[in-house]
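Structure, as structure tokens:
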There are 2 protein chains.
Amino acid sequence: MTAGRRRGVELERAILRAAAEELVASGYAGMTMDKVARRAGTNKNAIYRRWPQRAALGVAAYKYVADARTPTVDTGTLRRDALELLRQANASWSSPHGAVLRDLLAAAADEPALLDLLREQAGGGALNAAWFALLSRAVARGEAPPEAVQPRVAALPMTLLRGEYALRGVPALPDEVLVEIIDEIFLPLIRGRGLACPVPLSAG
Amino acid sequence: MTAGRRRGVELERAILRAAAEELVASGYAGMTMDKVARRAGTNKNAIYRRWPQRAALGVAAYKYVADARTPTVDTGTLRRDALELLRQANASWSSPHGAVLRDLLAAAADEPALLDLLREQAGGGALNAAWFALLSRAVARGEAPPEAVQPRVAALPMTLLRGEYALRGVPALPDEVLVEIIDEIFLPLIRGRGLACPVPLSAG
DNA sequence: CTCCTTAAGGTACTGGCGGTACCCTATCAG
DNA sequence: CTGATAGGGTACCGCCAGTACCTTAAGGAG
């Protein structure tokens with residue numbers, strides 16, 4: 001056996017791998033330091049030497065699994081672009097990887113420092129950029145008014161998706177919900193932002 | 001001293017009161033059974049005889065504080081109605097009472113049975129009805145098209161408010177955010193739902 | 001008033017957890 | 001070869017949820 005004693009990066013990877021496995025197996029609440037140590041074939045000391053808090057290990061383990069793929073779509077129409085992006089997000093969130101993320105988010109309610117790290121992962125950077133790009137293309141095609149390119153509009157579908165996940169339980173959202181979000185809210189809003197009428201539309 | 005030994009309802013109220021105080025003082029995570037028992041001047045037995053789980057006590061304690069006021073507004077215009085309702089919700093959520101609710105919601109991520117109870121409290125019933133009433137009045141006044149009276153539209157402002165709370169931290173949302181939610185999203189959406197154009201508005 | 005059921009009080013315990021201390025030992029740089 | 005570094009093993013502290021067991025006050029039935 002070339003066993004020897006693992007050191008440095010090698011051990012660190014082993015710990016992260018073990019932590020990630022515990023995370024997907026038992027959730028954050030079940031990711032015990034002892035269990036991670038045992039699964040990694042080491043002991044708590046080696047873990048605490050690297051991450052001072054259990055929560056820090058949780059975030060690190062999540063990052064270790066998260067592959068941070070940047071979603072890109074370009075189907076040619078606004079509606080199909082939006083639907084596709086939303087479907088990708090739904091698939092991602094309902095995967096084990098997403099379950100871990102949601103679990104971590106819930107668990108880290110009292111650890112404000114870690115919340116920031118997670119929020120970034122939860123759909124901050126790349127995802128938002130994708131929605132902006134989608135809107136810009138729609139404007140270029142004449143499918144949407146220029147006023148629609150706005151942060152709050154771009155973030156809306158993902159916010160609604162999050163809302164649905166918060167409202168319902170764990171399982172993946174049925175596709176009809178995604179279609180509703182797009183057809184009942186997102187697209188009507190974009191249409192409505194074309195009309196700059198501060199005064200009610202009654203009168204007519 | 002008329003001390004005596006408290007029994008039945010009297011003791012139950014004392015426990016609930018103590019639990020509620022611990023809840024607002026230290027959050028759900030800090031609401032220890034021992035601390036509740038000590039504050040109530042009793043012991044854990046008396047608590048476990050009534051609530052089999054700590055989470056059950058948490059929910060009961062929350063209900064004990066929650067006053068379940070039904071919000072009602074009627075200012076005469078859609079925009080002011082919506083803004084007022086949203087401001088009330090914001091004030092309620094940023095109050096200690098709201099902090100407890102958000103804390104409980106986060107903590108109960110792995111207790112699905114309790115989630116339902118909390119979700120109801122979190123703005124399910126009465127609040128939704130208020131938004132429906134608001135929309136209906138706007139339609140009656142001619143301020144909104146009848147197509148706007150729809151569950152997803154009614155729930156939208158509260159969903160966005162929740163989204164902002166999830167995104168940012170604890171503190172109360174500044175009023176500009178509420179105004180933006182109404183002016184940039186809610187009202188344009190209602191306007192947009194008047195135009196039933198499945199085909200893009202380009203072409204013109 | 002007495003007795004007896006009921007429920008509250010007190011205390012101690014189990015088991016699991018996060019986190020720390022201490023000491024032993026393998027590894028690697030010099 | 002040697003000494004600093006870091007991994008390994010183990011025991012420990014304090015805290016917590018939940019349980020067991022016994023003592024003691026309260027209140028109703030007779």
Side-chain angles (χ1 to χ4, degrees), chain A residues 1-19 22-23 25-62 103-104 106-114, chain B residues 1-19 21-23 25-61 103-104 106-114:
Chain A
M1 293 184 269
T2 65
R5 180 179 279 186
R6 293 165 302 176
R7 294 175 77 82
V9 192
E10 184 186 0
L11 182 57
E12 184 164 331
R13 304 281 286 206
I15 294 174
L16 279 178
R17 178 192 176 86
E22 286 294 335
L23 209 47
S26 328
Y28 179 68
M31 191 199 75
T32 300
M33 297 305 256
D34 295 86
K35 284 202 290 182
V36 171
R38 213 174 333 122
R39 188 189 281 258
T42 179
N43 61 329
K44 290 196 286 183
N45 280 337
I47 304 180
Y48 277 105
R49 223 171 269 133
R50 292 173 168 80
W51 299 276
Q53 311 270 348
R54 191 178 77 105
L57 176 62
V59 174
Y62 171 73
D103 191 17
L104 270 181
D110 35 284
E111 326 249 8
L114 310 174
Chain B
M1 292 185 270
T2 65
R5 179 179 279 185
R6 294 164 302 178
R7 292 176 78 81
V9 191
E10 185 187 358
L11 181 57
E12 184 164 331
R13 304 282 288 206
I15 293 174
L16 279 178
R17 179 193 175 85
E21 286 173 6
E22 286 294 334
L23 210 47
S26 327
Y28 179 68
M31 191 199 75
T32 299
M33 297 304 258
D34 295 86
K35 284 204 289 182
V36 170
R38 215 175 330 122
R39 187 188 283 258
T42 180
N43 61 330
K44 290 196 288 182
N45 280 337
I47 305 181
Y48 277 104
R49 222 171 271 132
R50 292 173 168 79
W51 299 276
Q53 310 269 349
R54 190 176 77 103
L57 177 62
V59 174
D103 192 17
L104 268 182
D110 34 287
E111 325 250 8
L114 310 174

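What you see is a predicted model; the values in this text were computed from it and never measured. In what follows, chains are A, B, ... by sequence order, proteins preceding strands, each numbered from 1.
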Rounded to whole Å, please give me the gap between CG in B:Leu57 and P in D:dC16. 15 Å

Distance-only donor-acceptor hits, side chain of residues 29-37 of chain B, under 3.5 Å, sequence neighbours excluded:
{"unit_1": "B:Lys35", "atom_1": "NZ", "unit_2": "B:Gly30", "atom_2": "O", "d": "3.1"}

Rounded to whole Å, please give me the gap between CD1 in B:Ile47 and P in D:dA17. 10 Å

Note: A:Ala40 and A:Ala14 closest approach over all heavy atoms is CB-O, 3.9 Å

CZ on B:Arg5 to OG1 on B:Thr42, rounded to 0.5 Å: 9.5 Å

Sugar-phosphate means primed atoms, P, OP1 and OP2; the rest is base. With that split, encode nucleotides 18-24 of chain C 5' to 3' as B, S or - using protein heavy atoms under 4.0 Å. BBBBB--

What is the nucleic acid contact for B:Gly41, judged by heavy atoms within less than 4.0 Å: base, sugar-phosphate only, or nothing? sugar-phosphate

If you compare every side-chain N and O of A:Thr42 against the phosphate oxygens of D:dG8 (OP1, OP2), does one of them come in below 4.0 Å? yes

Measure from CD1 on B:Ile15 to C1' on C:dA7 and round the result to the nearest Å. 12 Å

To check you understand the geometry: which heavy-atom pair defines the closest contact between A:Tyr28 and A:Arg54, and what is its length? O-NH1, 2.8 Å

Counting only heavy atoms not in B:Arg13, do more than 12 fall under 6.0 Å of its CZ? no

How do B:Arg7 and A:Arg7 order along DNA chain C: which one's closest nucleotide is nearer the 5' end? B:Arg7

Salt bridge (charged side-chain N to carboxylate O under 4.0 Å, His left out) filter on B:Arg17, not counting sequence neighbours, yields B:Glu21

If I take atom CG in residue A:Leu11 and atom C1' in nucleotide D:dT5, what distance separates them, rounded to the nearest angstrom? 14 Å

